[in-house]
Number of protein chains: 2
Amino acid sequence: MNTVVDRSLLQGATPFGGCGVLGADGVDGMDDVLRTACVSRYGQHDTIFFEGDRAETVCQLVEGAVMLYKLLPDGRRQVVELLGPGDVFGFAQGEFRDSSAETLTATRVRFYDRRHAERSCSFQRVIARQMLVQLEAMHEHAVLLGRMSAMERVARFLLRLAVHVAGEASEPEVVRLSMTRQEIADYLGLTIETVSRSFSELRRRGVIVLEKQDRVRIANQRAMEDLAIAC
Amino acid sequence: MNTVVDRSLLQGATPFGGCGVLGADGVDGMDDVLRTACVSRYGQHDTIFFEGDRAETVCQLVEGAVMLYKLLPDGRRQVVELLGPGDVFGFAQGEFRDSSAETLTATRVRFYDRRHAERSCSFQRVIARQMLVQLEAMHEHAVLLGRMSAMERVARFLLRLAVHVAGEASEPEVVRLSMTRQEIADYLGLTIETVSRSFSELRRRGVIVLEKQDRVRIANQRAMEDLAIAC
DNA sequence: CGCCACATTGACTCCCATCAAACATTGTGG
DNA sequence: CCACAATGTTTGATGGGAGTCAATGTGGCG
């Protein structure tokens with residue numbers, strides 16, 4: 001007596017990607033969750049919600065890319081997560097969102113009612129899975145932020161995007177950033193100048209080619225991996 | 001027809017603390033989960049598991065404190081999480097543990113069988129909750145690692161411990177670290193010397209008093225909060 | 001006491017942030 | 001179509017915060 005579950009709910013992974021997870025079992029509130037879901041479209045650099053907003057929905061990225069970030073009172077910003085199709089976000093522990101969400105590209109987002117989501121077993125399963133994937137990604141990122149040099153951070157960032165794009169059909173080893181230098185800097189815990197200098201240095205060494213400002217070809221995969229320290 | 005659930009399963013929060021969560025509903029595999037659970041004791045600085053170990057259990061901290069850390073090939077270490085009573089850890093996305101777990105104090109840990117845990121609805125609910133709490137803590141920590149000065153990191157660290165200890169009966173504003181300077185450094189993304197210098201600077205300014213090496217009295221709460229930037 | 005591990009302090013270096021200016025890219029309107 | 005903002009990026013010069021290396025201090029325990 002499986003409920004019919006939109007397949008898109010059952011994808012999800014983290015930095016810019018999505019892979020399979022299963023769900024949909026016994027009798028629970030899944031019907032409610034799906035019945036109350038709705039999809040919205042966003043342009044590039046639109047805000048989906050702000051840190052501190054009341055968290056009445058759970059969001060799932062259907063298409064596009066989203067970043068979550070937090071601000072310090074003096075304006076310093078840290079991008080805490082990059083999300084791709086299938087990823088779930090905006091699920092808060094307390095009453096309010098713990099970070100802001102902004103699109104990196106044109107995007108479609110599905111919203112579920114939080115009350116219903118919390119009641120549904122299948123949904124909890126998907127959430128648990130998602131949170132776990134994101135948590136492990138955060139552990140990785142903590143190592144990057146706490147222990148890596150600027151060059152290592154940038155190399156790892158590019159390599160990671162490359163791996164996640166690899167699945168897609170587009171030319172291999174050409175990564176589309178779809179982030180400004182400032183956004184990359186705020187993700188990697190660096191300044192825009194340091195990110196730019198790192199790109200230039202990689203270009204100088206022939207490790208990458210900047211096809212356009214937001215398109216990077218990885219010319220020397222091996223050198224890249226050495227710089228990123230085991231990836 | 002509620003199954004009888006050990007209350008300890010239903011606690012859990014993150015940095016060194018635990019607060020309530022509910023669980024235990026309908027018919028699911030919770031019985032199995034609990035029947036297969038067992039508790040182990042550890043001394044101080046014991047390893048519970050290593051990164052890369054097969055992840056066949058899910059762990060819950062009953063008593064004590066545990067840190068999760070990751071190592072880079074060249075030996076650099078990043079402590080990615082601090083856990084207290086009630087916290088769940090060691091739940092892996094894939095087949096292997098993504099980080100190592102080491103006790104900071106004498107500890108009791110309950111182990112659940114992963115297969116059973118994945119089947120149980122109640123358990124999934126607890127896991128989802130736990131992952132969420134930890135994920136939000138990681139977001140906070142990413143800000144610290146990516147965007148804060150050494151002094152801000154140390155101040156925030158102390159203040160955070162103080163808040164979590166506050167609930168307990170012990171003297172107010174006296175924080176027990178139960179971590180070496182090296183462990184603190186590896187958590188905050190600093191070196192041992194920088195941590196030590198920051199403590200000394202705080203002492204010099206009269207913001208803290210070092211009662212013993214691992215006991216810190218926060219003498220000037222206000223000054224501390226200013227240093228930690230809104231906490 | 002004297003060892004041992006851990007912590008503190010000092011001197012020096014270097015990576016990255018900061019400030020500033022030039023350069024590139026895109027879109028707009030004359 | 002080009003001039004020209006407007007935004008985003010790169011490059012340069014400089015300084016400071018934190019890392020590194022080394023020596024000294026300190027507390028715990030056999």
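Throughout, protein chains are lettered first and strands after them, A, B, ... in sequence-line order, and every chain is numbered starting at 1.
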Just the rounded figure in Å: distance from [atom2] of [N] to [atom1] of [X].
{"X": "A:R215", "N": "D:dT9", "atom1": "CZ", "atom2": "P", "value": "15 Å"}
{"X": "A:I184", "N": "D:dT9", "atom1": "CD1", "atom2": "C1'", "value": "11 Å"}
{"X": "B:Q44", "N": "C:dA5", "atom1": "CD", "atom2": "P", "value": "16 Å"}
{"X": "A:Q182", "N": "D:dT10", "atom1": "CD", "atom2": "C1'", "value": "14 Å"}
{"X": "B:M148", "N": "D:dG17", "atom1": "CE", "atom2": "P", "value": "17 Å"}
{"X": "A:R153", "N": "C:dA17", "atom1": "CZ", "atom2": "C1'", "value": "12 Å"}
{"X": "A:I208", "N": "D:dT9", "atom1": "CD1", "atom2": "C1'", "value": "14 Å"}
{"X": "A:R147", "N": "C:dC15", "atom1": "CZ", "atom2": "C1'", "value": "15 Å"}

*B:A150 side chain: which of D:dT11, D:dA18, C:dA7 is closest?*
D:dA18

*asked:* Nearest to the side chain of B:R203, heavy atoms from C-beta on, is which of D:dT10, C:dT9, C:dA17?
replied: C:dT9

If you compare all heavy atoms of [X] against all heavy atoms of [Y], which two are closest, and at what distance to 0.1 Å?
{"X": "A:L188", "Y": "A:R153", "result": "O-NH1, 2.8 Å"}
{"X": "A:F91", "Y": "B:E136", "result": "O-OE2, 4.1 Å"}
{"X": "B:L82", "Y": "B:M179", "result": "CD2-CE, 3.8 Å"}
{"X": "B:A219", "Y": "B:V209", "result": "CB-CG2, 4.2 Å"}

*Does C:dA17 have OP1 or OP2 sitting under 4.0 Å from an N or O in the side chain of A:T194?*
yes

*Most 5' of B:R181 and A:V195 on DNA chain C, judged by nearest nucleotide*: B:R181

Report, one pair per line, the protein and nucleotides 21-27 of chain D atoms (nitrogen or oxygen only) whose separation is under 3.5 Å.
unit_1, atom_1, unit_2, atom_2, d
D:dC21, N4, B:E193, OE2, 2.9

